[in-house]
Protein chains: 2
Amino acid sequence: MTEKTRLDRQIDFLVEADKLKNTIRATELCDGSRYENSAEHSWHLTLYALVLADQGPEVEINLVIKMLILHDLVEIDAGDNPIFGQLDHAAIEAAEQAAADRIFGLLPDDQRDHLRAIWEEFEAASTPSAQFAKSLDRFQPPMQNLASGGGSWTDYDVTEAQIHDRVGSKIAIGAPGLWDYAKARIAAFFAAHKST
Amino acid sequence: MTEKTRLDRQIDFLVEADKLKNTIRATELCDGSRYENSAEHSWHLTLYALVLADQGPEVEINLVIKMLILHDLVEIDAGDNPIFGQLDHAAIEAAEQAAADRIFGLLPDDQRDHLRAIWEEFEAASTPSAQFAKSLDRFQPPMQNLASGGGSWTDYDVTEAQIHDRVGSKIAIGAPGLWDYAKARIAAFFAAHKST
Ligand SMILES: [Ca+2]
C-alpha cells in the first residue's frame, strides 16, 4: 500500500461527502412530493445567499456561501435535528464535534484546518457573515412550507407562536428584513388555515 | 393584485429553483443506491471547487463557485443530457437559452442580468474560471463511477476510449492535473473489469 497523495485525500473527502445526499431533513420540497436531503438543501441555501445578499449588507458573501456549502457535512454522522423536535443540545454538540473531527480529518492537514475553521465560525454565529448564513438556514424551510401548503408545520403540528419563538427570533438576528417578510406571509397562512 | 416587490420576485425565483431537486442525472450516488439529482450534484461541485482550488491556480475561485451554483438551473426546463447519449447540440442550446430567459427572468432585472452573465460565461467556456468549472463538472461523474464500481459506464456500456474522447479531453482543458489522476484510476478500473 503506497502513501496517499494530497489528491487521494481530497478525493476521499469528496467521495465521503456524497453521503450527505442520503441525510433526510424534516422539510418537504415545494411541491410536497418528498422530503429534501441535506445536500440539495445546502445547494439551495447557496442560491439563497447569492440572490438575497442585499439583505445582509455587512456580510462577506463569498464567505457566507462557503459556510453554507460546509454547514451540514457533520450530519453525515450526526444526522439532522428538526427544529420542532425535542433536542438534547449537549449531545448534539458532542456528536457534531466528533463528526467534524472525522470528516474534515479526511482532508490534507492545511485544508482540514481551513475548512474546519469556516464551519466553526458558522457554528459560533458570532460574526455578521455567520449570523446571516444561519438566518438563511432558518428562512428557507418556511418558504418551502408556504409553497407546499404546510409541510413540516402540519407534520409537527406547529403553531404560529412556536414559529416566532424558534425560527423568527433566529432569522431576525442576521436578516431582519427577511423575518419581516416571512412573518407577514406566515400570519396570512395561519389566518387562512385557522381550525376553530 | 398588488405589484410584486423585489423580495417577492427573489422568492419566486428561489421557489422555482427548488424544481432542480427533481431533475435526475445519469450518474449514480457513490453507494450505487440511486441516481443523483442536479441540485445535490451542484452542491457537490461547489465542494469540489472549494477543495480542489489548488488545481486551478489561474482561476477566481469565488466566481467558479457561483458558476457551479447556477450552472444546471436551465435543466429545470431543458432536462439533463447524459454525455454518453446521442445529442442534438443545436436543439439543446436553443432549449437552454429559452429556459434561461424564463428562469432568470423571474428575478429583479439587475439580478437577472448579473446571474445570467455568470451562467453565459460558464457556457462559453472561454475564461480560465469557466474552463475550470466545466472541468469539475466532467471530473465528478468518473469519481462517482469509480466509487460505485461502474455506475453510468456500465449502464451506457462505455469504453475506456470513449471516456478519453468525451470526458478526458474536456477535463484536461481546465484541470490537466485532475485528468492525469482520473486517467490512471480509470485505466486501473478497466484493467480489473476487462471482459475477455
Ligand atoms: Ca441545517
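Below, all heavy atoms of this structure are taken into account, side chains as well, without hydrogens, waters or symmetry copies. Lettering of chains follows the sequences in order, A, B, ..., and the numbering in each one begins at 1. Only a predicted model underlies this, so the values are computations on that prediction, with no experimental measurement involved.
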Who wins among I65(A), L70(A), N22(A) for the most heavy-atom pairs under 4.5 Å with chain B?
N22(A)
Of L20(A), L29(A), D31(A), I61(A), the largest count of non-hydrogen pairs under 4.5 angstrom with chain B goes to L29(A)
When you measure from the side chain of D18(A) to the backbone of C30(B), do you find a donor-acceptor pair of N or O atoms at a distance under 3.5 Å?
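Judged by distance alone, yes, a pair lies under 3.5 Å.
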Donor-acceptor contact present, side-chain H44(B) to main-chain A17(A), <3.5 Å:
no
Can you find a heavy atom in the side chain of [X] that is under 4.5 Å from one in the side chain of [Y]?
X      : Y       : value
V15(A) : L146(B) : no
W43(A) : I69(B)  : yes
D54(B) : R6(A)   : yes

Side chain, backbone, both or neither: which part of L115(B) has a heavy atom under 4.5 Å from chain A?
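For L115(B), the contact with chain A is made by the side chain alone.
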Quick one: what part of Q10(B) sits under 4.5 Å from any heavy atom of chain A, side chain, backbone, both or neither?
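Q10(B) touches chain A through backbone and side-chain heavy atoms alike.
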Please report the interatomic distance [atom1]([X]) to [atom2]([Y]), rounded to the nearest 0.5 Å.
X       : Y       : atom1 : atom2 : answer
L178(B) : I11(A)  : CG    : CD1   : 6.5 Å
D8(A)   : Y181(B) : CG    : OH    : 4.5 Å
E40(B)  : H41(A)  : CD    : NE2   : 13.5 Å
N37(A)  : N37(B)  : CG    : CG    : 6.5 Å
K19(A)  : S33(B)  : NZ    : OG    : 11.5 Å

